[in-house]
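In what follows, a structure is listed as structure tokens, so that the remarks can point back to it.
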Amino acid sequence: MSLYSITDAQLAFGHVALLDHADFSLEAGERVGLIGRNGAGKSSLLKIVAGLAAPDDGLVTRQSELTTVYVPQEPEFDLDASVFDVVASGLTEARALLAEYDAVAHALADTPEGAQHDALLARMNALQSALDTRDAWNWRTRVSTTLAQIGLDGDARTGALSGGMRKRVALARALVVQPEVLLLDEPTNHLDFEGIRWLEELLVTLRTGLLFITHDRAFLDRVATRIVELDRGRLLSYPGNFSAYQTRKAQQLEVEKVEQEKFDKLLAQEEVWIRKGVEARRTRSVGRIARLVEMRRERAERRNVQGNVKLDVGQGEKSGKIVAELTDVTKRYGERTIVDRFTATVMRGDKIGLVGPNGAGKTTLLKLILGELQPDEGRVRTGTNIQAAYFDQMRAQLDLDKSLADTISPGSEWVEVNGVKKHVMSYLGDFLFAPERARSPVRSLSGGERNRLLLARLFARPANILVLDEPTNDLDIPTLELLEELLADYEGTVLLVSHDRAFLDNVVTSVFAAEGGGKWREYVGGFSDWQVQRERSERIAEEAARQSAKEAPRDDAPKESAAGRNAQRTVKLSFKEQRELEALPARIAELEEEQKAIGAQLEDGSIFAKDAKEGARLSERHAAIEEELLFALERWEELEAKRG
């Protein structure tokens with residue numbers, strides 16, 4: 001039986017049907033990625049599943065006592081509270097039951113036998129049962145365990161944390177409840193690469209049903225076992241990850257196009273027939289006329305695929321061949337070094353991605369490259385005829401009280417892109433803004449719509465350098481793909497800061513990567529190329545360190561033979577412990593191999609579609625192996641230390 005299902009659901013805002021007789025279900029252990037255009041109604045559906053909203057019509061079915069936790073896109077906390085208290089707030093209901101149990105217990109002790117005593121005793125038994133069900137007796141241990149699992153300091157003040165760490169706190173607050181269904185709205189926002197990778201590992205091993213909204217295609221590929229697309233009011237299900245969805249969706253759209261062309265051709269023929277006059281009004285043609293009326297109604301109700309954004313960037317005059325030349329550039333803020341002796345050359349036409357953890361200094365390096373910030377040491381030489389256009393992730397360039405039209409073209413009804421004049425209404429239409437919204441204030445737009453407006457404003461300005469700081473936030477997947485195509489064909493220079501791995505792979509030709517301590521290094525290729533090269537460099541460095549350690553003479557090494565040393569080292573171990581120590585490396589390798597094999601099956605996701613029980617069993621085994629590995633490694637370390 002499904003954990004949750006809705007049947008024939010309808011939901012509308014104004015004249016737009018967000019859910020149009022839609023069906024959806026979530027099975028145990030499934031990880032469902034919910035995708036769709038901005039404004040399609042994805043967040044509304046998530047809130048319906050969370051029980052925070054209801055459809056206008058339709059049947060909602062959920063398992064009894066189902067625990068569902070919803071983590072919104074921008075979680076809210078008491079910023080003055082400790083991380084422990086914020087995470088513990090997820091157990092508010094359980095703690096309230098425990099407090100009532102204590103109060104009833106005290107009241108029972110002071111109440112003589114009688115009707116009131118019996119009522120208190122019955123209430124106490126009911127509370128005890130509820131506390132057992134919720135495992136509320138050891139809530140403090142649950143909070144501490146969850147904090148350790150997520151990697152959080154319970155004593156830290158929430159307000160002092162970065163956006164990425166606050167996202168971890170929100171997840172910890174959800175997971176401490178031990179929900180059967182976890183709902184996540186844009187979980188990768190504010191997370192850097194390491195944070196996203198950590199989140200992927202966490203979600204893949206969870207045993208809960210998972211429904212999440214994201215536009216991160218790499219994240220969908222890794223985590224989702226099924227893709228559900230909200231398309232023109234319908235919920236369409238595609239087993240497998242995002243790559244499998246892309247193949248099936250392309251085939252489906254092609255079939256839909258052919259069927260609609262056949263329908264339209266037949267409708268046109270019938271319209272010609274009905275206009276022939278008397279012949280059409282004969283009795284034997286009544287059925288044909290009725291069919292025509294039905295076809296007209298069906299055509300009127302058809303919801304065509306929403307048009308795509310039409311992107312075209314105003315190309316400024318060419319910049320000089322060298323855009324910027326950095327030589328031994330160093331920049332510090334107080335005691336902290338942000339950039340340490342970095343040397344690089346940015347050429348016209350380069351498409352460079354700046355990558356690194358949050359707070360690494362990507363924006364600072366951008367400003368150094370563009371000459372907006374002077375280095376403390378070293379030299380920056382900027383090229384000639386630089387015309388830069390900025391995309392700001394904080395959308396600070398948008399005046400919330402201005403209308404959309406004034407934001408694009410203040411004081412004029414026309415914009416000019418690449419020498420072609422366009423009316424502002426038509427230009428906004430290219431970015432999927434209806435004419436009636438052109439006079440609406442910017443504050444009325446959603447996050448994704450504001451990003452689209454910022455792109456429209458950016459591309460209306462002639463530029464030969466595009467500086468894009470997190471341009472992919474809140475953009476839907478079709479718009480992301482079009483933006484990729486535009487940037488790939490753009491003849492100018494692109495400086496890009498993004499945590500979208502697929503976007504980086506598809507756009508950039510080289511990467512400036514933060515490697516800690518202010519050190520930056522240039523890598524050729526996209527995100528995946530950087531990962532491969534970085535891992536190779538780390539392996540080479542580790543091997544070199546091992547070789548160096550082997551070759552280094554040890555002054556304190558005893559002079560006796562190796563056999564004698566081994567005899568001295570093993571004297572502290574019993575025969576049983578010695579055998580255990582010798583067997584541990586093989587056991588650890590066996591566990592790691594089993595964990596890797598199960599992880600591959602869970603990531604593929606097809607196991608849940610074929611056999612949900614087997615999928616749940618594998619999830620449990622994956623988590624159990626983690627505990628067994630931890631115990632084996634600790635035991636190995638303990639025996640090695642004892643051996644001396």
Side-chain angles (χ1 to χ4, degrees), residues 35-38 40 214-221 229 231 242-243 245-254 257 304-316 318 348-355 388-391 393 408 415 417-420 422 426-433 448-511 524-529:
I35 65 173
R37 302 298 295 260
N38 288 334
T214 185
H215 300 307
D216 187 325
R217 292 157 291 178
F219 187 82
L220 281 165
D221 256 347
E229 181 184 20
D231 180 21
F242 184 73
S243 296
Y245 152 79
Q246 284 182 302
T247 303
R248 296 188 185 194
K249 181 65 176 178
Q251 294 169 347
Q252 177 195 318
L253 287 176
E254 190 59 37
K257 180 183 175 185
N304 292 313
V305 178
Q306 185 180 5
N308 267 334
V309 175
K310 297 175 184 174
L311 299 181
D312 189 16
V313 62
Q315 300 269 4
K318 283 187 177 181
R348 182 178 66 221
D350 281 353
K351 296 177 175 65
I352 298 171
L354 281 74
V355 301
Y390 290 82
F391 183 100
Q393 67 163 321
I408 298 300
V415 293
V417 181
N418 289 332
V420 178
K422 235 180 186 180
S426 174
Y427 184 71
L428 283 169
D430 290 344
F431 288 81
L432 305 182
F433 293 111
E449 288 172 326
R450 290 184 192 184
N451 266 20
R452 279 213 312 270
L453 182 66
L454 200 53
L455 285 174
R457 186 177 185 273
L458 177 80
F459 293 159
R461 310 284 193 272
N464 50 36
I465 299 179
L466 292 180
V467 183
L468 307 173
D469 191 355
E470 295 289 359
T472 63
N473 283 353
D474 301 320
L475 290 182
D476 55 41
I477 291 170
T479 306
L480 279 177
E481 291 172 344
L482 283 166
L483 182 56
E484 287 172 353
E485 290 177 21
L486 174 84
L487 295 177
D489 295 336
Y490 180 57
E491 294 179 1
T493 306
V494 177
L495 301 175
L496 170 65
V497 175
S498 178
H499 291 128
D500 188 319
R501 295 157 292 177
F503 192 80
L504 283 165
D505 270 340
N506 293 334
V507 172
V508 305
T509 55
S510 61
V511 165
V524 176
F527 176 85
S528 299
D529 301 301

Handout entry: V497 backbone acceptor or donor facing D469 side chain under 3.5 Å
Key = no

Fill in the blank from the handout: In this structure, OH of Y427 is separated from NZ of K422 (nearest 0.5 Å) by 8.0 Å

Handout entry: Flag, side chain of N464 to backbone of G492, donor-acceptor distance under 3.5 Å
Key = no

Practice task
Can you measure from OG (S498) to CG (L468) and round to the nearest 0.5 angstrom?
Solution key: 9.5 Å

Practice task
Report the distance from atom CG of D216 to atom CZ of R501, rounding to the nearest 0.5 Å.
Solution key: 5.0 Å

Exercise for the section: Could you tell me which non-hydrogen atom of I408 sits nearest to which non-hydrogen atom of V415, and how far apart they are? Expected result: CG2-CG1, 3.6 Å

Practice task
Please report the C-alpha distance between V508 and V494 in whole Å, then the side-chain angles of each, then the deciding distance to 0.1 Å, and finally whether the side chain to side chain contact (heavy atoms under 4.5 Å, CB included) criterion is met.
Solution key: CA-CA 8 Å; V508 305; V494 177; over 6 Å; no

Practice task
Evaluate the side chain to side chain contact (heavy atoms under 4.5 Å, CB included) criterion for residues L453 and L428: first the C-alpha distance (whole Å), next the side-chain angles of each, then the deciding distance (0.1 Å), finally the verdict.
Solution key: CA-CA 8 Å; L453 182 66; L428 283 169; 4.1 Å; yes

Problem - Euclidean distance, Q246 CD relative to I477 CD1, rounded to 0.5 Å - result: 7.5 Å

Handout entry: Heavy-atom side-chain contact between L504 and L496 under 4.5 Å
Key = yes

Practice task
Take L487 and F503, measure what side chain to side chain contact (heavy atoms under 4.5 Å, CB included) needs, and give me the verdict at the end.
Solution key: CA-CA 10 Å; L487 295 177; F503 192 80; 3.8 Å; yes

Exercise for the section: Work out which heavy atom in S528 is nearest to a heavy atom in D505; give both atom names and the distance. Expected result: OG-OD2, 2.6 Å

Fill in the blank from the handout: Minimal heavy-atom distance between T493 and G349, with the atoms involved, is OG1-N, 3.1 Å

Problem - Option among R452, R37, H215 that satisfies the side-chain hydrogen bond (donor to acceptor under 3.5 Å, both in side chains) test with D476 - result: R37

Handout entry: Distance (rounded to the nearest 0.5 Å) between Y245 OH and L220 CG
Key = 10.0 Å

Problem - Nearest-0.5 Å distance, CG of residue L483 to CG of residue D500 - result: 10.0 Å

Problem - Shortest non-hydrogen contact from I35 toward T214 - result: CG2-O, 4.0 Å

Fill in the blank from the handout: By salt bridge (Lys or Arg N to Asp or Glu O under 4.0 Å), K351 pairs with (sequence neighbours left out) none

Handout entry: Side chain D221, main chain S243, donor-acceptor under 3.5 Å
Key = yes

